[in-house]
Amino acid sequence: MTRRRIIAGNWKMFTDLEEAVALARGVAEATARFATDVDVVVIPPSCLIAPVVSALGESHVGVGAQNMHPEPRGAYTGELSGPMLTSVGCSYVVCGHSERRHLFGETSEFVGTKVAAAHRFGLTPILCVGETLEEREAGETEAIVGEQLRRGIDGLTKEEIAATIIAYEPVWAIGTGRTASAEQAQAVHAHLRAQLVKRAGAQVAEAVRIQYGGSVKPSNAGELLSQPDIDGALVGGASLKADSFAGIVGA
Ligand code: PGA
């Protein structure tokens, strides 16, 4: 089965309104010629999703959120819900980014409730998993990401699993300029797919798109994306310039 590639740019907390609108337009223009082959997604700060959606108009670029709360509404000061996100034209949501896990204390169980809620409310979740340097050096990578995956997709139907995007992002490679080698990344992706086979069967596992994230740039994207189990990239720093992001999409 050939899985359609998906390249997503996580803008984190780096753009104001003017920058976000300009970057969205730049990305749409610079990636237009790849639109038939690749899914392109931008993930702006939440308060800028609506203006980015309107700046993108009818373009091929999808829009995602960096986080959401699993409940549809309620007294959760400072939080945003799935129905709110879809109401402004958002179609993807990142769940359990390592910055959410490590800086804001999100547990794998809580991340799993977000993934399930995303499906319930019509959003495509991008479930992030990844080990720290300490865990890698202790030989725990497969156990850590396997457990994050297991809890992240807990309770999902097979159809929902097939429609979930997984992002393998080794914590030591995020924003550090230090990328996992293509072999290191492929090994973990293959492990994740093997776990998916056990959980949901080969057909579902073959359908799941697994992105790599962590210091992806135009210069290393080609090698990473040529690995058999790497189906896309979740890009931070290099997604903040339309040219470098388009370079990754082109790869
Ligand atoms: P980076 O971030 O590309 O800047 O390493 C990746 C991410 O956090 O998704």
Side-chain angles (χ1 to χ4, degrees), residues 5-15 19-20 23 27 30-31 38-46 48-49 52 61-68 90 92-106 108 111 114-115 118 124-133 135-136 141 144-145 148-149 152 164-182 184-185 188-189 192 209-225 227 230-251:
R5 304 303 176 92
I6 176 163
I7 310 292
N10 173 9
W11 298 355
K12 305 193 181 184
M13 202 174 74
F14 284 116
T15 57
E19 293 163 335
L23 180 55
V27 165
T31 62
V38 185
D39 287 340
V40 179
V41 179
V42 295
I43 309 178
S46 293
L48 301 174
I49 290 174
V52 163
V61 180
V63 180
Q66 299 173 14
N67 183 31
M68 70 165 207
C90 180
Y92 297 84
V93 60
V94 176
C95 300
H97 188 279
S98 71
E99 285 148 20
R100 299 299 317 170
R101 292 177 190 265
H102 295 285
L103 302 174
F104 301 97
E106 289 190 12
S108 291
V111 172
K114 294 181 189 222
V115 172
T124 298
I126 300 175
L127 166 63
C128 299
V129 302
E131 82 289 0
T132 63
L133 187 57
E135 289 161 346
R136 172 162 284 264
T141 299
I144 294 288
V145 300
Q148 290 171 337
L149 175 67
T164 299
I165 295 164
I166 313 288
Y168 168 56
E169 300 204 302
V171 179
W172 47 272
I174 295 179
T176 59
R178 198 176 150 188
T179 325
S181 68
Q184 281 174 324
V188 178
H189 283 233
L192 290 167
R209 295 185 288 177
I210 309 179
Q211 297 177 310
Y212 170 80
S215 300
V216 178
K217 319 182 261 275
S219 58
N220 60 25
E223 201 191 349
L224 286 160
L225 289 161
Q227 302 300 309
I230 301 185
D231 310 310
L234 182 53
V235 186
S239 73
L240 294 169
K241 294 242 158 47
D243 286 355
S244 60
F245 188 62
I248 295 167
V249 176

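Start at 1 and go down the list; that is how both ligands and their atoms are numbered.
With ligand atoms numbered from 1 in the order given, ligand 1 contributes 5 (O) to contacts under 4.0 Å with heavy atoms of Gly214. Taking a cut-off of under 4.0 Å to the non-hydrogen atoms of Gly175, the atoms of ligand 1 that pass are 1 (P), 4 (O), 5 (O). Within the listing of ligand 1, atoms 1 (P), 3 (O), 4 (O) sit less than 4.0 angstrom from a heavy atom of Gly237. Ligand-side atoms of ligand 1 in range of Ala173: 5 (O), range being under 4.0 angstrom from any heavy atom.
Ligand 1 is never approached by Ser239 to a heavy-atom distance shorter than 4.0 Å. His97 counts as a contact of ligand 1, since one of its heavy atoms falls under 4.0 Å from the ligand.
If you take CD1 on Ile49 and CD on Gln66, they are separated by 8.0 Å, rounding to the nearest 0.5 Å. Annotation: the span from Asn220 atom CG to Ile248 atom CD1 amounts to 7.5 Å, rounded to 0.5 Å.
In this structure, the protein non-hydrogen atom closest to atom 7 (C) of ligand 1 is Glu169 OE2, 3.2 Å. Of all protein heavy atoms, the one lying nearest to atom 3 (O) of ligand 1 is Gly236 N, 2.8 Å.
Between Trp172 and Arg136 the shortest heavy-atom distance is CZ2-NE, 3.3 Å.
Not a single N or O atom of Thr176, backbone or side chain, sits closer than 3.5 Å to an N or O atom of ligand 1.
Proximity of a side-chain donor or acceptor of Arg5 to a complementary backbone N or O of Leu225 within less than 3.5 Å is detected. Tyr212 places a side-chain N or O within donor-acceptor distance of the main-chain N or O of Gly214, the cut-off being under 3.5 Å. A donor-acceptor distance shorter than 3.5 angstrom exists from the side chain of Arg101 to the backbone of Gly96, with no hydrogens or angles considered.
Taking the six-membered ring where tryptophan is involved, the planes of His189 and Tyr168 are perpendicular, since the angle between them exceeds 60° and thus also 30°.
Distances from atom 1 (P) of ligand 1 to the heavy atoms of Ser215, Gly177, Ser98 show the closest one on Ser215.
With a heavy-atom cut-off of 4.0 Å, Ala238 does not touch ligand 1 at all.
By the 6.0 Å contact criterion, NZ on Lys12 is enclosed, its count of non-hydrogen atoms from other residues, nucleotides or ligands being greater than 12.
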